[in-house]
Amino acid sequence: MKKRTFIILFISAHLFFIGFQIDKQSRLVKLSYKKQTYEQRFKELKTKKQILTNNLHALQNHQKIKTFASNQLGMQPLFLKNLKHLPKNEMALHEGT
């Protein structure tokens, strides 16, 4: 009787260990899949960041800004010698004092 109980207990313990091993393996596969999807998303976001950074640097190019301002907006360069000063009494009226 004791031998039979021991065999049943031994077999059931091994079945539980096999079940736990299968569960562990399935969880490992799920986590591996999630990791791969997160790594792929990270690469996509890194590429997008690089593209946006390049676009920002292109938009900050002073020569392109100057060309756009002169061609599209019709702006002309302003030189200091073309500026005129207001007399002091007119400046006081503009300042509100």
Side-chain angles (χ1 to χ4, degrees):
M1 191 78 168
K2 285 185 176 183
K3 193 173 191 178
R4 185 175 177 195
T5 308
F6 177 73
I7 291 174
I8 291 173
L9 185 62
F10 184 75
I11 291 173
S12 61
H14 276 82
L15 289 176
F16 280 124
F17 286 136
I18 291 171
F20 288 137
Q21 198 67 5
I22 291 171
D23 182 56
K24 181 180 114 178
Q25 191 66 26
S26 67
R27 289 177 190 225
L28 185 66
V29 169
K30 285 179 186 177
L31 290 175
S32 175
Y33 176 74
K34 276 188 176 181
K35 180 184 174 195
Q36 288 175 358
T37 55
Y38 288 142
E39 286 175 348
Q40 184 179 6
R41 180 74 175 140
F42 179 73
K43 286 180 184 178
E44 290 172 0
L45 290 173
K46 198 172 181 180
T47 305
K48 188 174 182 179
K49 178 187 171 189
Q50 186 64 36
I51 291 170
L52 291 174
T53 303
N54 290 342
N55 289 342
L56 176 66
H57 289 302
L59 291 173
Q60 289 177 339
N61 185 350
H62 295 292
Q63 188 60 37
K64 286 187 178 183
I65 293 171
K66 183 178 177 182
T67 305
F68 178 80
S70 62
N71 293 343
Q72 300 291 327
L73 302 177
M75 298 176 123
Q76 298 298 324
L78 182 65
F79 299 104
L80 289 177
K81 66 180 179 181
N82 295 343
L83 293 178
K84 296 181 182 178
H85 295 283
L86 293 174
K88 285 201 180 243
N89 57 0
E90 290 184 30
M91 285 181 61
L93 295 175
H94 290 292
E95 293 176 356
T97 56

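The structure displayed is predicted, hence computed values, not measured ones.
Hydrophobic clustering of Ile, Leu, Val, Met, Phe, Trp and Tyr side chains at less than 4.5 Å, counting indirect connections, unites F68 with M75.
Interatomic distance, CG of L56 versus CD1 of I51, reported as 14.0 Å (0.5 Å rounding). Put simply, CD1 on I18 and CD on Q21 are 9.5 Å apart, with the number rounded to the nearest 0.5 Å. Between the OG1 atom in T5 and the NZ atom in K3 there is a gap of 12.5 Å [rounded to 0.5 Å]. Separating the CG atom in N71 from the NZ atom in K66 is a distance of 11.0 Å, to the nearest 0.5 Å. One distance of note links CZ of R27 with CD1 of I22; it measures 13.5 Å at 0.5 Å rounding. Put simply, OG1 on T47 and CZ on F42 are 10.0 Å apart, with the number rounded to the nearest 0.5 Å.
The backbone N or O of K49 lies less than 3.5 Å from a partner atom in the side chain of T53, making a donor-acceptor pair.
Here the options are D23, V29, L28, the test is side-chain contact (heavy atoms from CB on, under 4.5 Å), and the partner is S26; only D23 passes.
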- Item | Residues Q40, K43; criterion side-chain contact (heavy atoms from CB on, under 4.5 Å); working and verdict | CA-CA 5 Å; Q40 184 179 6; K43 286 180 184 178; 5.8 Å; no
